[in-house]
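Order of the sequence lines sets the chain letters (A, B, ...), proteins ahead of strands, with each chain counted from 1. The basis for the numbers below is simple: all heavy atoms, side chains too, and nothing from hydrogens, waters or symmetry mates.
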Amino acid sequence: VEAVITRRADAVVELVHRLGCVPRFVAARNKQLGSPLAATDLEDVVQDSLVVVWTKLPRFHGRTSLEVWVYRICCYELLNAVRRRGRGGRERRVSDERLEEGEIDVDAEWDRNERHEHLYEALDRLTDEERQIVRMKHFDNLSFTEISQELALSSNTAKTRYYRGVRRLTGFLRARNGGDRS
Amino acid sequence: MTGKHDAKHEELLEAFLTGEPVDDAARSELESCPTCSAELDELRGALDLLDDAGTQERSVFDAMRAMPAAPGDQRVGPTIHGLAETPPSRPGGSGRPGRLMLVGGLLAIAAAVLLFVLIGPLADPGSDGGSPGGIILGPGDDLRCVGPVGPVERYDVFRWDGELPAGHGFVVEVRRPDAGVLDDPLLESPLLADHEWTPTEARLSALPAAILWRVSLRDESGRRVGSSEAQASLR
C-alpha cells in the first residue's frame, strides 16, 4: 500500500494483478444472489468497486488479506447496485423482472451485509492471535485439532484464545448495536 | 444448582463455546443462571453470524478461484493505472498534502474569478454582458442539495439535483458541521448513479442532531469535478 501511494510502478502493477479478483468477486456474489444484474451492470459495479478500493486504500491496515478487504467492498458495491435497480434507477435492463418478482429480498440481503460488516469491524478489533483463530474456525472451517497443528499450539491454548476472542467479539457487537446487557 | 454466576459457569461457557461435551445437568445449570443464559444467547448469535459470514466468504472465494473470466476483467488495468496518476490521499495523516491542495485550489479559484471579471466581458464582445446565458456551466456546476436541508423531522434519504455526465458518479459525505474538511466523514456513500442515497437505518440513527452533507460529482478516475453542500438539523 505504501509503495502504491508513493507511485512505485512495480507496486501499481502488483496491485493491478491482485485486484484481478474484483470482477470475479462481483460475478460470484451476483450469481449467489440469483444473478440480479446483467454482465454490463457487473462491469459498472467492477468499475465502482475499483474506484472505492483505490480511494480507501490508505485505510487498509492489513489486519486481513487485501483480498478479504476487497471482497467486502465488492459485496457492498454489488448490493448497492442491486438495491438501486430495485428502487427504479434510471437504467433498467433485462434482469429487472427478477427483482420485481421478489426472487431476491434485497432489503434482507442488505441487512445481512450490514451485520457482516459489523462482524468484520469487530474482528478487526481483536488481537492478531484471536482473529486468526476465530477466522480459521469459522471462515476456513477448521477443527481445533487442525488449528493447533497449523499454529503449532496445544489444543487447549487454541481453545482458550478462541473463547477469549469470541467473548470480546460479542462485546464489540453488543456495543456496536447500542446494547447494554447487564 | 444455585443459579449464581461463578467461575464454574465461566468454564461451562467456554466448554459450550469450544464444543466440549456439556452434560444435561451442566447445561441446565447454565440456563438457570440469568447471566449465563443471556451470555449464551449472545454467544449463539455471534456464532451464527460468524458461520453465516464465513460460509458466504468461503463460497465466494471458491467460486472466484474457479472462474476463468468475468465481466469487467479488462477494466482493472486501465482503471487502476488511470487512478494511479493521482495517488490516494491519506486519511487522518498529517494532512499537509491535502491542505496544500486545498490552499492551491482556493488560489486557483480566486485567480479564475479575477480573470473572468477582468477578461471575461472583453473576450466575448457578442455577449449581452452579465446575462447568465453567457456563462457555460461545467460538469458539477449545477449540483444542488435538495434534502435534507434546514430543520427536518428525521434523516432518511439524501437527494440532490444536477446533471450526471456519462461515466461520472456522485458521492455523498456527511460530517458534523464543525468538522474539519480533512476529517473522515461520519458517512460516505459509494459511487452512485442515482440522485438519491439512503444509508441504513442504523447509520442514520447514529447521526448527530446537526449535520453538514456534501454531494460531489466524480469523473471516471474518481476525481471531484463539482460539489454542493447543505446543513440540516433535527427539529
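- In this structure, the portions of A/Leu19 lying under 4.5 Å from any heavy atom of chain B include both its backbone and its side chain.
- At a 4.5 Å heavy-atom cutoff, the contact between A/Asn141 and chain B is made by backbone and side-chain atoms alike.
- Ranked by non-hydrogen atom pairs under 4.5 Å with chain A, the options B/Pro71, B/Ala70, B/Ala69 are led by B/Pro71.
- A distance of 10.5 Å separates CD in A/Glu150 from CG in A/Leu153, rounded to the nearest 0.5 Å.
- Of the atoms belonging to A/Ser49, not a single heavy atom falls under 4.5 Å from chain B.
- Only the side chain of A/Leu15 comes within less than 4.5 Å of a heavy atom of chain B; its backbone N, CA, C and O stay farther away.
- In this structure a side-chain-to-backbone donor-acceptor pair under 3.5 Å is missing from B/Arg159 to B/Glu196.
- Within the 4.5 angstrom heavy-atom criterion, no atom of B/Asp62 approaches chain A.
- When each of B/Met64, B/Gln56, B/Arg203 is checked for heavy-atom pairs under 4.5 Å with chain A, B/Gln56 comes out on top.
- Proximity to chain B is limited to the side chain of A/Val46, based on heavy atoms less than 4.5 angstrom apart.
- A 6.0 Å sphere centred on NE2 of A/His17 holds no more than 12 heavy atoms belonging to other residues, nucleotides or ligands.
- Using a 4.5 Å cut-off between heavy atoms, A/Phe144 touches chain B through its side chain atoms alone.
- There is no contact between A/Val22 and chain B, counting heavy-atom distances below 4.5 Å.
- Two residues are said to be in side-chain contact when any heavy atoms from C-beta on lie closer than 4.5 Å; B/Leu47 and A/His138 meet this criterion.
- For A/Cys75, the part lying under 4.5 angstrom from a heavy atom of chain B is the side chain only.
- With a 4.5 angstrom heavy-atom cutoff, B/Glu20 touches chain A only via side-chain atoms.
- Proximity of A/Gln132 to A/Met136: side-chain heavy atoms (C-beta onward) are separated by under 4.5 Å at one or more points.
- Options B/His81, B/Arg75, B/Met67 differ in how many heavy-atom pairs under 4.5 Å they form with chain A, and the most are formed by B/Arg75.
- In this pair, B/Trp213 and B/Phe158 present their aromatic rings perpendicular. The plane angle is above 60°, beyond the 30 to 60° band.
- Heavy atoms closer than 4.5 Å to chain B are found in the side chain of A/Arg135, but not in its backbone.
- A/Arg72 does not touch chain B: none of its heavy atoms, backbone or side chain, sits under 4.5 Å away.
- Between the side chains of B/Tyr155 and B/Glu201, no donor-acceptor pair of N or O atoms lies under 3.5 Å.
- Contacts of residues 60-71 of chain A with chain B at a heavy-atom distance below 4.5 Å involve A/Glu67, A/Val68, A/Tyr71, listed in sequence order.
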